[in-house]
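See structure below.
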2 protein chains.
Amino acid sequence: MLIGEYEHSLDAKGRLIMPAKIREDIGEKFIITKGLDGCLFGFSQTEWTNFEEKLKTLPLTNKNARDFVRFFLSGAIECEIDKQGRFLIASNLREYSSLEKEAVIIGVGTRIEIWNKEKWKAYNSDENISADAIAENMTMLGI
Amino acid sequence: MLIGEYEHSLDAKGRLIMPAKIREDIGEKFIITKGLDGCLFGFSQTEWTNFEEKLKTLPLTNKNARDFVRFFLSGAIECEIDKQGRFLIASNLREYSSLEKEAVIIGVGTRIEIWNKEKWKAYNSDENISADAIAENMTMLGI
DNA sequence: ATGTTCATATTCACCGATAAGCACTTTGTT
DNA sequence: AACAAAGTGCTTATCGGTGAATATGAACAT
């Protein structure tokens, strides 16, 4: 289970440290792709195949579904973590997610997400995560 | 059942003593997350896996669900209690809950809560938790 | 009251993870 | 061939996390 929030910075070549606590869960080789809300998604190999399976079940007759599948598959790249714990983020993905220097990596259960730090902070101060909304969701789930 | 209120202080590295009476209930490894009202939640592993199971059922395509899952999982970290009974609170969680020196740990049935002492006092002197208000809510709940 | 034990507080030292800079290699372009 | 750009790998310094040692204080028994 991938959890936690970690701040690190890209080096001049666009490489990022994979937090030590995530490294063993996600594996030496993993997949990153364009994510939702302006971040990047990262999947371990097994989670990626799960995800692909789900995409396959979508009806190709539906334009929305076709767009959705294209979005995720076209942006996907396999990454490898080097001896020093870093991985390179392809330039098109860096551009998509506005990653330049300061980044935040978060674990979200089955995947990680990579955010531009500023965007992450903005997202968190947004009303989309108000205490009320969270409390409401908690009771809905019976927590 | 987790109960009681305990005051302790963080050391220079951000570690906190787990009160002896809570230690055996919560286990050697447990999970802390961002909580509501500016405190942190702490769950035993069994309570946490229940929670995780529920989160897994939420749909990726729903923004509300994404927000909710992100809040709890990105804010979560597994903690281990060391030989001296202490555990480290990750810096982002310390920041979130304004924990610097004096802290209060309370047991709340299925979870513990960790508060900045000042915040805890302020919260308790608030009128929202006057004995009268609580009694009123109790009758509403049919107690 | 005194001593004993257990829990908590405080300080210090060490080690590993990370940041940052640099050099070398590869690839593609002119 | 020469160069620029991108990718890969190494080295060093720093900082945060971790464990050990010691001090303080409360609870309890004699």
For A:Phe87 against A:Glu80, the heavy-atom pair lying closest together: CB-O, 3.7 Å

Between B:Asn92 and A:Tyr6, a side-chain donor and acceptor under 3.5 Å: no

Between C1' on D:dG19 and CD1 on B:Ile81, what's the gap in Å once rounded to a whole number? 16 Å

Judged by atom type as modelled, is there a donor-acceptor pair below 3.5 Å linking the side chain of A:Asn116 to the main-chain atoms of A:Leu99? no

Is the phosphate of D:dC10, meaning OP1 or OP2, less than 4.0 Å from a side-chain N or O of A:Lys83? yes

Report the residue from A:Ile106, A:Ile105, A:Asn124 that forms a side chain to side chain contact (heavy atoms under 4.5 Å, CB included) with A:Trp115. A:Ile106

Readout for nucleotides 11-20 of chain C: B = base within 4.0 Å of protein heavy atom, S = sugar-phosphate only, - = neither; 5' to 3' it is B-B---SSSS

For B:Asp82 and D:dA21, what is the distance between atoms CG and C1' respectively, to the nearest whole Å? 14 Å

Please identify which of these residues, B:Phe51, B:Phe43, B:Trp48, meets the ring pair (Phe, Tyr, Trp, His ring centres under 6.0 Å) condition with B:Phe72. B:Phe51

